[in-house]
Amino acid sequence: MNAARVMAIFEKDLKEFTKNTTILFTPFITIILAIIYSRMETGDGLPLIVVYAIVGITYASVTSGVMMILMAEENEKKTLRGLIMSPASYVEILLGKSLVTALMTFITLIISFIIMESTNMIDIQQIIGLLVLFFFFLFLGIAVGLFVKSVGMTTVYLMPIMFIFGFTSMIEFLGFSPDSIVIKITDYMPIPQLVAMGETESWSAIGIVLIWTIVAGLLAFVCFQKVKKDRA
Amino acid sequence: MSSLIIDYVERTSDVLPSFSVEIEKHTSTAIYSDVDIQISLMDFLSREKDIHVFDFEEALYERLTVQENIHFFRKWFQCSIPISELLVKFDLQQCAGMSVSKCSPSEMQRIYYAKYYMSNARWNVFYDPISSVNVQTMNVFIQLIERILEEKRSVLILVASAEHALLLTDIAYRLGTDGLHQLETESEEREAESATITSPVVEKLFKIPAKIDDKVILFDPTEIDYIESQSGKSYIYINKDAFALDLTLTEIEKKLELYGFYRCHRSYIVNLQKVREIITWSKNTYSLRINNKAQSTIPLSRTKLHVIQEIFKLK
């Protein structure tokens, strides 16, 4: 592994970011949604569930989405051919792209929080939760990005991730009774856990999110091994 | 670093004939063959020898500028040559600020050369590197080969035409279904052989007979662009169409001398009336450009240059 190569990828993708309209618009959509939600505020701040809806959208579209699109572009145009000399090069590429994704995600998130005036709701516990959640979505993005062949195909994978993991807390508005199996499952999903944590301040929520992150990490690892085997 | 030995004895493909060749270190070698054989050879090289072959399969970052692309590859491959020097060496300074998607095919080709050069591969294998590029780019490529050789690396070039094979390298082979043959030594052998043959010479021959299947076609000497010898056979070229000839180059050379033909290379006789341009590549390699529809270029031996210059009263 070589830090200079990671930085080379980071620099290159940052430049690409400013020139690729598909990627460039993803943070804007989140920020516009944050503005719309902040208008609905009635006086005592936005409820945590709404704040986490924005967090979910940011993580799904900016973190997972951008990671997928960046990898899909390279796979589609075969630009990685000739660059990869060993499996270590793959790690360097993924790391460089993760840095770009992280930078964009946190900029978007901070702007959204400022717009929603919810910066005061964020304490240490929430920040740790948000960080773990970031890695969960990043691993999902890497897992899909490793094998997705074209930019068009990313939508197919991005939509389920967006709805299942990004909008989880919105599912209860669909009118399921609190005892139904759907609500019981969604309660254990990462975002509802963090919303609940805001109310109970129990650390067990972070543990559950961590388990989700580890599972996503394993999924990314399996995909990586598969890609490595296909190339050899 | 030792020499690369391509030992393809146990045939696994229907197309590729079994052959064995040693590419010595610090030399450039060209193998000339048809497309099917080229593809299976490339396949063999990348699979068995783990060589990254230069071809048209990869791509550049089209949204970024030429300079940004070079900058990234330079960092990735950890190349120590300054970026400005790279741009000059590959003749990219004119288009450095342009985004790659707006570059011409020749310019893109030069970026590919630069990328491949920076990857610092142990074995530099090129697949048809100069098939559809302009003269400027061809020159850049010839300089690239020299630079690789100076750096004590080896070059193997797979091409589709004998002209390119002879232009680019010192050692050229032809790989056909009948195996591998060296291009130049073969014509030497034939020259020795032809000296013993005494064919009846028709006096005042005005037509050159060529065969297509069973038919014999007679050509006017003035129609012919050039004559090439390939693995013991001579071919007449008229606008990229080749016609097999029963005579050897040495025999035909004598007959055609009167009509303004000249043996400009061991394997080529050119119609001097049709020469449009004498191209000087770097490091004393020369080509003649023929004034026909295909704008063919044929190699001109170093030793024959002064004769050509005398003929055209250039000196």
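A note on names: the letters A, B, ... follow the listed sequences, proteins ahead of strands, and every chain is numbered from 1. Computed from heavy atoms alone, side chains included, the values below leave out hydrogens, waters and symmetry copies.
Scanning residues 95-111 of chain A against chain B with a 4.5 Å heavy-atom cutoff picks out nothing at all. Listed in order of number, the residues of residues 62-74 of chain B that approach chain A to under 4.5 Å between heavy atoms are B/Arg63, B/Leu64, B/Thr65, B/Glu68, B/His71, B/Phe72, B/Phe73. Residue-level contacts of residues 62-80 of chain A with chain B, in order of numbering, are A/Glu73, A/Glu74, A/Lys77, A/Lys78, A/Thr79, A/Leu80; threshold 4.5 Å between heavy atoms.
Both the backbone and the side chain of A/Ser89 come within contact range of chain B, with heavy atoms under 4.5 Å apart. For chain B, the nearby part of A/Asn2 is the side chain; its heavy atoms alone come within less than 4.5 Å.
In this structure, B/Gln94 places its CD atom where only 12 or fewer heavy-atom neighbours from other residues, nucleotides or ligands lie under 6.0 Å away. More than 12 heavy atoms of other residues, nucleotides or ligands shown are found within 6.0 angstrom of CD1 on A/Ile127. Counting non-hydrogen atoms of neighbouring residues, nucleotides and ligands closer than 6.0 angstrom, the OH atom of B/Tyr112 exceeds 12 such neighbours.
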Go through it in stages, so that I can follow the logic: the residues are B/Lys75 and A/Glu11, the test is side-chain contact (heavy atoms from CB on, under 4.5 Å), and I'd like the CA-CA distance, side-chain angles, deciding distance and then a yes or no. CA-CA 10 Å; B/Lys75 266 191 136 180; A/Glu11 235 176 78; 2.7 Å; yes
Step-by-step side-chain contact (heavy atoms from CB on, under 4.5 Å) determination, A/Lys15 to B/Tyr61: CA-CA 11 Å; A/Lys15 278 181 203 149; B/Tyr61 296 101; over 6 Å; no
Using distance only, find each side-chain donor-acceptor pair of residues 157-165 of chain A under 3.5 Å and give its atom names and separation, not counting sequence neighbours.
none

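In terms of heavy-atom pairs under 4.5 angstrom with chain A, the leader among B/Phe54, B/Phe77, B/Trp76 is B/Trp76.
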